[in-house]
Amino acid sequence: MLSFATWNVNSLRVRLAQLGLWLGANAIDVVALQETKLSDEDFPHAEIEALGYRAVFSGQRTYNGVAILSRLPLQATVAGLPGYEDPQRRVIATTVGAIRLINVYVPNGQSVGSDKYAYKLAWLVQLERFLAQQLSEHERVLMVGDFNIAPQDRDVHDPASWQGSVLVSEAERAAFGRLTDHGMSDLFRRFEQPGESFSWWDYRQGAYRRNRGLRIDLMLASPGLAPLCRYCRIDREPRTWERPSDHAPCTAGFDLSCVGA
DNA sequence: ATGGTGGGCAGCCCA
């Protein structure tokens, strides 16, 4: 079984110790991180190596930043969306054995109708283009990350109050639908899950304690990979720790014995 | 109640 995870750590520097604890306790082979908020010069190579992982990353100071940590060798790493100039570091893709992994930090969008919302929708068009290209080259594609979109109302603690808001708006869900139209399967929904399962809770007003969250951290697999998935779950435990990220990690395991990996 | 909390970097920006 090969285990993958995705986690928006909201500052890798602040969350490094928690990440180490969590990786060690959960036997994670590959983890995709978002919001590392570190320039590449400041990436904590030594600390990550000491945890037993190698890393590829595309970072910037203060905002955004993505990384992939792996116990296995990585090949053919690409940062960004080819053909789309974007100073914001939000995508890194690499090959781990038999799987093409795409790690994304989708723009938040701020509010419906804002400039950032327009950027989010334009960015998602470019992501779809990249996904289509990757699917044409790779049979087993795993796209994970912070999508900043709750796919369905059951991924929202109070759909009525969120109706039409950023993270759930029709245009965002339509853009997400154009990803799943390529056959990408939301792995979490392939399995029986507890009700009210979310992956992000605002820091404010005791949102976590009241489970007022959204499920926006997702793991999507191509038709050649999804049937090999044996579990997918959200681990809330790190969200209960002192000084947590506002996101919980999500993990999935794959049985790749049939592809000789 | 257009607030509230947290991260980063220097009085705000972003989530």
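Lettering of chains follows the sequences in order, A, B, ..., and the numbering in each one begins at 1.
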Taking only side-chain N and O atoms of Arg243(A), does any of them lie within less than 4.0 angstrom of OP1 or OP2 on dT5(B)? no
Would a distance-only check, ignoring hydrogens and angles, find a side-chain to backbone donor-acceptor pair under 3.5 Å from Asp202(A) to Ala207(A)? no
The side chain of [X] lies closest to which of these nucleotides: [options]?
{"X": "Lys116(A)", "options": "dC14(B), dG7(B), dC9(B)", "answer": "dC14(B)"}
{"X": "Tyr203(A)", "options": "dA10(B), dA15(B), dG6(B)", "answer": "dG6(B)"}
{"X": "Tyr63(A)", "options": "dC9(B), dA15(B), dC14(B)", "answer": "dC14(B)"}

With the threshold set at 4.0 Å, does a side-chain nitrogen-carboxylate oxygen contact exist between Arg215(A) and Asp186(A)?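 Asp186(A) and Arg215(A): salt-bridged.
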So, Arg210(A) and Asp158(A), do they make that salt bridge, N to O below 4.0 Å?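 No, this pair does not count.
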Just the rounded figure in Å: distance from [atom2] of [N] to [atom1] of [X].
{"X": "Arg212(A)", "N": "dT5(B)", "atom1": "CZ", "atom2": "P", "value": "15 Å"}
{"X": "Asp115(A)", "N": "dA15(B)", "atom1": "CG", "atom2": "C1'", "value": "17 Å"}
{"X": "Lys37(A)", "N": "dC9(B)", "atom1": "NZ", "atom2": "P", "value": "9 Å"}
{"X": "Asp42(A)", "N": "dG7(B)", "atom1": "CG", "atom2": "C1'", "value": "15 Å"}
{"X": "Leu167(A)", "N": "dA15(B)", "atom1": "CG", "atom2": "P", "value": "10 Å"}
{"X": "Gln205(A)", "N": "dT2(B)", "atom1": "CD", "atom2": "C1'", "value": "11 Å"}
{"X": "Asn148(A)", "N": "dA15(B)", "atom1": "CG", "atom2": "C1'", "value": "8 Å"}
{"X": "Glu35(A)", "N": "dC9(B)", "atom1": "CD", "atom2": "P", "value": "13 Å"}

When you compare [N] with [M], how far apart are their [atom1] atoms, in angstrom units rounded to a whole number?
{"N": "dT5(B)", "M": "dC9(B)", "atom1": "P", "value": "22 Å"}
{"N": "dC14(B)", "M": "dA10(B)", "atom1": "P", "value": "15 Å"}
{"N": "dA1(B)", "M": "dG11(B)", "atom1": "C1'", "value": "25 Å"}

More 5' along DNA chain B: Trp200(A) or Asn10(A), using each one's nearest nucleotide? Asn10(A)
How do Arg13(A) and Gln88(A) order along DNA chain B: which one's closest nucleotide is nearer the 5' end? Arg13(A)
Surrounding CD of Glu170(A) (heavy atoms of other residues, nucleotides or ligands, distance under 6.0 Å), is the total greater than 12?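 At most 12 heavy atoms, drawn from other residues, nucleotides or ligands, come within 6.0 Å of this atom.
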Give one of base, sugar-phosphate or nothing for Tyr105(A), where a contact means two heavy atoms less than 4.0 Å apart.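 Sugar-phosphate contact only.
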Under a 3.5 Å threshold, yes or no: a donor from one side chain and an acceptor from the other, between Arg90(A) and Asn64(A)? yes
